[in-house]
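Take a look at the structure set out below.
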Amino acid sequence: MRAVGRAWALVLRFSEAICAALVLLIGAMVIYEIIARAAFDAPTIWVQECSVYLLVALAFFGLAATERAGEHIR
């Protein structure tokens with residue numbers, strides 16, 4: 001049973017790392033969009049859609065850490 005607990009803790013840490021990476025990736029994409037629009041007058045067509053999909057993934061991966069803390073995603 002102890003091995004299952006350690007495996008689950010590893011899954012939770014992996015989930016938290018994915019959440020952190022997704023937040024950074026979304027931020028980088030939005031900054032890229034801002035620079036592309038403002039400096040080059042060339043908006044992209046993919047940033048908004050990718051950001052939405054990554055935000056959904058962020059919410060699902062964040063559920064594991066939130067559940068462990070005994071909280072709810074608001």
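Reckoned from all heavy atoms, side chains included, excluding hydrogens, waters and symmetry mates. Computed from a prediction, not measured in an experiment: that's the story for all the values here.
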* Asked: Quick one: do V30 and V56 end up in the same hydrophobic cluster if we chain Ile, Leu, Val, Met, Phe, Trp and Tyr together by side-chain heavy atoms under 4.5 Å apart?
  -> no

Run the side-chain donor-acceptor check on residues 43-55: report pairs under 3.5 Å with partners two or more places apart or on a different chain.
from, atom 1, to, atom 2, distance (Å)
T44, OG1, E33, OE1, 2.1
S51, OG, V47, O, 2.8

* Interatomic spacing from OH in Y32 to CD1 in I35 - rounded to 0.5 Å -> 9.5 Å

Solution key, residues 4-23 side-chain donor-acceptor pairs under 3.5 Å, sequence neighbours excluded:
from, atom 1, to, atom 2, distance (Å)
R13, NE, A9, O, 3.4
S15, OG, F61, O, 2.4
E16, OE2, R68, NH2, 2.4

